[in-house]
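Written below as structure tokens is the structure these notes are about.
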Amino acid sequence: MEWKGVINTYRKYLPVTDKTPVITLHEGNTPLVKADNLSEELGGNLQIYLKYEGMNPTGSFKDRGMTLAVSKALEEGSKAVMCASTGNTSASAAAYSAKAKIDSIVLIPKGAIALGKLSQALIHGAKVVPIQGNFDDALKLVKTITSKYPITLVNSLNPYRIQGQKTGSFEICDVMGKAPDYHAIPVGNAGNITAYWRGYKEYKNHGIIDSLPKMIGFQAAGACPIVKGCIVDKPDTVATAIKIGNPASWKQAEMARDESGGLIDSVKDDEILEAYKMLAELEGVFVEPASAASIAGVKKLNEKGYFKKDDCIVCILTGHGLKDPDRAIEMIEEPESIPATEDAVVKHLRLDEG
Ligand code: AN7
């Protein structure tokens with residue numbers, strides 16, 4: 001049967017009626033890939049699955065929440081939406097607003113978002129406003145402005161964003177027939193960990209799953225306010241998507257951690273980049289650096305003996321690697337060119353040496 005996006009598929013669990021206009025790009029239904037090569041590399045004791053959210057229409061998990069946030073904005077008669085963004089939210093808000101024929105305004109930290117994301121926001125026709133500040137400054141401004149003007153806020157403070165994003169849990173459980181033992185996820189503004197926990201709890205309340213996963217979240221070491229227990233004024237990490245010092249859903253993330261018996265830990269930039277390369281080389285899965293935080297975190301915890309044998313872990317890979325291709329090229333070094341002749345190619349590859 002044709003997949004018609006998360007609202008049409010999970011309508012019964014979402015705050016929509018027959019009258020709600022459904023603005024969809026057929027988001028969701030993303031691959032859940034068993035990562036045997038990666039599991040073996042990490043010691044062979046775990047069953048690791050990758051939920052490849054980079055396969056959503058705009059290349060990140062934000063589309064699950066944006067379909068609902070924009071549909072509800074339209075239902076409520078809104079003519080414009082606004083968000084602060086480290087990139088992916090702006091790309092998604094721009095695309096869904098284009099589809100809904102409403103305006104979108106995005107505040108981004110100047111010079112601090114990946115080029116692929118900026119190009120998305122621009123080409124979909126968002127009003128892009130780079131500010132001379134970081135994401136936290138941008139979010140504060142957006143909160144103030146949307147409280148004073150008739151513009152709908154579509155950051156994850158908008159409850160419809162969380163409602164839409166919880167469908168990720170539903171898909172995992174629908175495919176596996178149960179919840180995993182652990183749910184590993186990068187944490188930035190902390191909306192996604194909040195949404196997934198909510199989704200699992202709802203499926204358990206409906207009797208669809210018997211057990212809940214432990215939620216394990218990972219922040220970048222230079223931007224880990226929840227781990228430190230205090231706001232980080234100048235967050236810093238290569239994983240620009242999660243360069244956030246004062247997450248909006250801080251308390252909800254702590255609740256997900258504590259209710260599930262999980263944890264929120266930090267991973268260093270070099271651990272994130274190692275995981276980023278490992279995923280691409282071993283699994284054929286290209287993600288952006290922030291997404292690799294969940295893999296880096298699982299690797300770190302496994303080395304400390306945190307897991308039991310054969311524990312099943314789903315890692316959320318939040319965004320596509322093509323969002324930020326410069327990062328990959330920086331790491332690997334672009335190869336030199338050679339003359340366009342058979343002889344030169346054969347010599348270059350040393351095929352003539354047997
Ligand atoms: C790839 O786009 O906050 O903890 O403004 O783009 O729900 O914030 C992005 C966040 C993880 C963290 N991975 O999720 C934004 C923004 C990727 C992301 C996160 C983001 P939350």
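As the structure is a computational prediction, the values presented were derived from the model and not from experiment. One-based numbering, in listed order, for ligands and for the atoms of each.
The shortest N or O to N or O distance between Gly188 and ligand 1 is under 3.5 Å. By the 3.5 Å distance cut-off applied to N or O atoms, Gly191 is counted among the residues near ligand 1. For Thr318, a nitrogen or oxygen atom sits less than 3.5 Å from a nitrogen or oxygen atom of ligand 1, counting backbone and side chain alike. The shortest N or O to N or O distance between Ser85 and ligand 1 is below 3.5 Å. Close N/O approach between Asn88 and ligand 1 is found [any backbone or side-chain N/O within under 3.5 Å]. At least one N/O-N/O distance between Asn192 and ligand 1 falls below 3.5 Å. The distance criterion of under 3.5 Å between nitrogen or oxygen atoms is met by Thr89 with respect to ligand 1. Where the criterion is an N or O separation shorter than 3.5 Å, residue side chain and backbone included, Phe61 fails it with respect to ligand 1.
Note: Phe286 and His320 have perpendicular aromatic rings, judged against thresholds of 30 and 60 degrees for the angle between ring planes. Ring-plane geometry between His183 and Tyr196 is classed as tilted, the angle between the planes lying from 30 to 60 degrees on a 0 to 90 degree scale.
The proximity of Ile244 to ligand 1, defined as any non-hydrogen pair under 4.0 Å, is limited to the side chain. By the criterion of a heavy-atom distance under 4.0 Å, both the backbone and the side chain of Asn189 are placed next to ligand 1.
Between Tyr96 and His124, the distance separating the two ring centers is not shorter than 6.0 angstrom.
Annotation for ligand 1: atoms under 4.0 Å from non-hydrogen atoms of Val187 are 4 (O).
In terms of the salt bridge (charged side-chain N to carboxylate O under 4.0 Å, His left out) criterion, residue partners of Glu288 (sequence neighbours excluded) are, by chain and number, Lys117. When the side chain to side chain contact (heavy atoms under 4.5 Å, CB included) test is applied to Ala253, the partners found at least two apart in sequence or on another chain are Ala190, Ile193, Ile226, Ile264.
Shown are Leu38, Val267, Leu42; of these, the side-chain contact (heavy atoms from CB on, under 4.5 Å) with Val298 is made only by Leu42.
For Lys62 and Glu53, the salt-bridge test fails: no basic side-chain N is under 4.0 Å from an acidic carboxylate O. With salt bridges taken as basic N to acidic carboxylate O contacts below 4.0 Å, one links Asp343 and Lys347.
Assignment of Lys62 to the shell around ligand 1 is supported, since a heavy atom sits closer than 4.0 Å.
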